[in-house]
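Here's the structure we're looking at; comments come further down.
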Amino acid sequence: MSTFTGLANPWKGKGKANGLESDFDDLTPAITYRHLHAQHFGPKDPLRAIALCDSDAFYATCEQVRLKVDPAVPLVVRQWDSLIAVNYPARKFGISRMDRWDDALKKCPELKIVHVATYKEGDDEPGYWEKPDTRTHKVSLDHYRRESAKIYNMFKEGLPGTEIEKASIDEAFIDFTRPVREKLLERFPYLAKVPDDAPDGLDSTLPPPPPISWDGLGTLIPLHPARDNDDAEVELLEDDLLTTWSDVALSIAAEMMGRVRADIHAKLGYTLSAGLARNKFLAKLSASYRKPNDQSILRNLAIPGYLRPMPFQKIRFLGGKLGKALAEEYDVKTVGDLLSITLEEMQRKFGEESIWVYEILRGIDRTDVKEKSATTKSMAASKNLTQPVAKASEGSHWIRILAAELALRLNEARDQTPGLWPKSIVLGLRQGWQIYRSKQAPFPFSRTVTIDLIAAAGDKLWKELIGFDDSRPLPMKITHVGLSFTGIASNESGQQNIEGFFKDSDVSVKAEDRGTKRKLHSIVEEKHASEEITECQPSRSAIATHFDCGRCGRRIHISDDLAGIGIEDYIKQQALAALRTEHEDFHLALDLSKLPEDGVNAAKFRPDPPQKKFKKPKSKPEPKPDGIAKFLVKK
DNA sequence: TATCAGCCG
DNA sequence: GGCGGCTGATA
């Protein structure tokens, strides 16, 4: 709605420039003792210091490091016929990511070309092949994810007290506010206490800051970009006069940032570029000021000069449709061009949320750096098919390939965060341009995630969408197959029946307990199951030596030699927990063993009829014993 | 739950 | 500009 209610509008009158910085009126806030001593740092904290740190030509550097190639050698990463990464030496030859690999080679005959890792059906892990075939192989970015994790871990270890948000495979935001504050008080102890003669107590402004030596801390984004080098000295002088405690905060953050970057370079071989500023968006924008292997610092007073001439479509989230719409609506391209648009007008045209854009254009970004917990994440593997699937029975082939990747990645994620579990698995199929079919199903808990387990679940979905009947025509031409996990979370919350399982029995299991765990395996009796859909519930007793399975109704006991007195409680607990998981795995395998063999007896396997809202329980045939074995034993 | 739309590098 | 990947909105 566009009617103005008459309430005081905080934005009124800020639209039009009437003086140099009137669009940027928060660059030199008064900084008080209260700010310095605050325990919680809000988004408007004048001492906030944020960095965006990204890895230079990441995939290319990964290969350069892996192959121990001289970093000065021009190197590109190839994917099929195109390039997905170009290192800086190669860029000097005018090679860009858009080039085909053979064109790149023409530009630089010495170019080192590395094809991204791929794998085909049957491979347990991706490898680097001379000539991968797009018809049989799928690319894997796994190596890059692992290297990314190494860098992330070095951030975490090297920057205690910071908040770190991994923004993508090669980027992380780092909030230095807390450690910077500690360092400030350590370095300037006189700030610790409000002076007795301070006029407003805690709300008194801090004494003027000392001059800052920026030597070795990175590249300062200039206060006046248009000036030429002759004015450098003038600017330096000016800098000192205009220095604020915000700048001091940035300088300390830059110190820390520079140290980890050097450390990562020394230990892992990656060069990183960083931007430091008062918020995420400005940090991101500053990081690209000078690359590679440098860090740029954007002081508050440099914000207008840096932002005004910036094409706004370079700004995160304005690179797409919204940016284009803005550009077309007002026929402009820089941030400065947009500053004359009032908030009301923007909101009228682009909705309430465009206050976000309005603020971004003025260098304001209230978003927080938040460590992305493993939760609410998804994991996808997909493949475009140059030759569409011709027969229904070919589905398993691709599903297996994608399952291998998901298995690898989920297990790896579990090394870092034990207990991770995806709520559901999704199979997505695409035909040509747009038409999409997808099907998802809950992905039941299992201690061990194998390729077979995922492939079986994927096959089941495929069966429901397509069937495995080669004698019937395919319902559509399938040119894209994707398999993904969604709702990946650590199981510590929510799932009562397996809560604490990893803590009790898996992660913290000590070496000497593993023998005990082994033994448990043989104790599980696998007889038959009914069709109850309830889950296995623990029975409630002090130190239980058994549990009752809600699914099959059976009572499962730990072995007598473990159940007796004289065996420590925690051993019993572990034994029982392990037993329960074994049993759940057993049900799981049972469920999945009702799947078809690839292509065999295909005619029997039609797509399932459309799902009814309420499934009527019906008894299924007894699964064959070796159907279980297939999923438990095979690797 | 299925689909779509958008963004990123 | 294709490919692979991720997230959030919507009904």
Side-chain angles (χ1 to χ4, degrees), chain A residues 52 54-62 76-87 91 96-101 103 115-119 126 132 134 137-145 148 165-173 273 284 287-288 291 313-325 351 353 370 372 374-386 398 401-402 405-406 409 413 422-443 461 464-465 479-488 610-615:
Chain A
L52 180 281
D54 66 68
S55 219
D56 300 319
F58 184 53
Y59 294 175
T61 315
C62 283
V76 295
V77 182
R78 174 182 167 188
Q79 175 179 283
W80 312 129
D81 283 340
S82 48
L83 304 180
I84 53 173
V86 180
N87 75 356
R91 290 182 199 188
S96 86
R97 263 179 30 138
M98 268 118 234
D99 293 339
R100 286 175 50 97
W101 72 274
D103 291 337
H115 197 288
V116 65
T118 59
Y119 59 95
T134 178
H137 288 63
K138 184 199 175 304
V139 321
S140 164
L141 304 180
D142 213 71
H143 178 67
Y144 311 139
R145 290 193 193 96
S148 173
E165 173 181 334
K166 200 163 187 265
S168 76
I169 195 162
D170 67 346
E171 287 183 333
F173 287 103
S273 298
K284 164 86 181 167
S288 54
K291 286 174 159 237
Q313 287 178 339
K314 288 216 301 204
I315 292 173
R316 218 158 72 115
F317 303 129
L318 294 182
K321 291 241 167 127
L322 179 54
K324 191 152 177 276
E353 335 76 61
K370 265 216 293 288
K372 293 226 179 92
T375 167
T376 84
K377 271 198 72 182
S378 68
M379 219 180 248
S382 65
K383 166 82 185 164
N384 282 352
L385 306 174
T386 39
W398 291 114
I401 288 174
L402 301 173
E405 171 156 348
L406 290 184
R409 286 173 59 189
K423 279 229 304 290
S424 49
I425 182 169
V426 185
L427 176 69
L429 306 176
R430 208 177 291 168
Q431 168 206 291
W433 228 200
Q434 198 48 266
I435 293 122
Y436 218 101
R437 288 277 281 132
S438 80
K439 180 107 185 130
Q440 59 182 300
F443 194 67
L461 293 171
E464 285 161 8
L465 282 177
T479 58
H480 172 103
V481 182
L483 200 59
S484 52
F485 287 140
T486 62
I488 299 172
Q611 298 269 325
K612 298 284 172 290
K613 215 179 213 169
F614 302 102
K615 274 186 294 191

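These figures come from a predicted structure and were not determined experimentally.
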Closest-nucleotide ordering on DNA chain C, the 5'-leading residue of A:Met379 and A:Thr386: A:Thr386
Taking atom C1' of B:dG9 as reference, at what distance in whole Å does atom CD of A:Glu171 sit? 8 Å
Take the protein atom CG of A:Leu402 and the nucleotide atom C1' of C:dG4, then report the distance between them rounded to whole Å. 11 Å
Between B:dG6, C:dG5, C:dG2, which one does the side chain of A:Ser382 approach most closely? C:dG5
Nearest to the side chain of A:Lys284, heavy atoms from C-beta on, is which of B:dG9, C:dG4, C:dG1? B:dG9
Using a heavy-atom cut-off of 4.0 Å across all strands, would you classify A:Arg145 as base, sugar-phosphate, or nothing? sugar-phosphate
With A:Gln79 via side-chain hydrogen bond (donor to acceptor under 3.5 Å, both in side chains) - residues at least two apart: none
Applying side-chain hydrogen bond (donor to acceptor under 3.5 Å, both in side chains), name anything that partners A:Ser273, two or more places apart in sequence or on another chain. A:Asp56
Drop me the distance from A:Trp101's CH2 to A:Ile84's CD1, to the nearest 0.5 angstrom. 15.5 Å
Where the side chain of A:Ala381 is defined as all heavy atoms beyond and including C-beta, which of C:dG5, B:dA2, C:dG4 is the nearest nucleotide? C:dG5
Would you indicate which nucleotide in B:dG6, C:dG5, C:dC3 comes nearest to any side-chain atom of A:Lys321? B:dG6
Describe the nucleic acid contact of A:Val426 in one word from base, sugar-phosphate, nothing, applying a heavy-atom distance below 4.0 Å. nothing
Taking the side chain of A:Arg97 as its heavy atoms from C-beta onward, which of B:dG9, B:dA2, C:dG5 lies nearest to it? B:dG9
Can you tell me the distance, in whole Å, between the CD atom of A:Gln313 and the C1' atom of B:dC8? 15 Å
Can you tell me the distance, in whole Å, between the CG atom of A:Leu83 and the C1' atom of C:dC3? 13 Å
Residue A:Leu322, side-chain heavy atoms: nucleotide from B:dC7, C:dG5, B:dA2 that is nearest: B:dC7
Of the listed nucleotides (B:dC8, C:dC6, C:dG4), which one gets closest to any side-chain atom of A:Arg316? B:dC8
Rounded to whole Å, NZ of A:Lys314 lies from C1' of B:dC8 at a distance of 16 Å
What is the separation between atom CD on A:Gln440 and atom P on B:dT1, rounded to the nearest whole Å? 5 Å
For A:Gln79 and B:dG9, give me the distance from atom CD to atom C1', rounded to whole Å. 12 Å
Short N-O contact, A:Glu405 and A:Arg145, less than 4.0 angstrom: yes
Taking OH from A:Tyr59 and P from C:dG5, how many angstroms apart are they, rounded to a whole number? 8 Å
Atom NZ of A:Lys166: over 12 foreign heavy atoms under 6.0 Å: yes
Against the side chain of A:Lys439, the closest entry in C:dG5, B:dT1, B:dA2 is B:dA2
When rounded to the nearest 0.5 angstrom, what distance separates OG in A:Ser288 from CG in A:Asp54? 8.5 Å
If you check every side-chain atom of A:Asp170, which of B:dG9, C:dG4, B:dC7 has the closest atom? B:dG9
With DNA chain C as reference, determine whether A:Arg409 or A:Asn384 sits nearer its 5' end, using the nearest nucleotide of each. A:Asn384
Considering every strand and a 4.0 Å limit on heavy-atom distances, what is the contact class for A:Leu141: base, sugar-phosphate, or nothing? sugar-phosphate
A:Ser168 side-chain N/O to C:dG5 phosphate OP1/OP2 under 4.0 Å: no
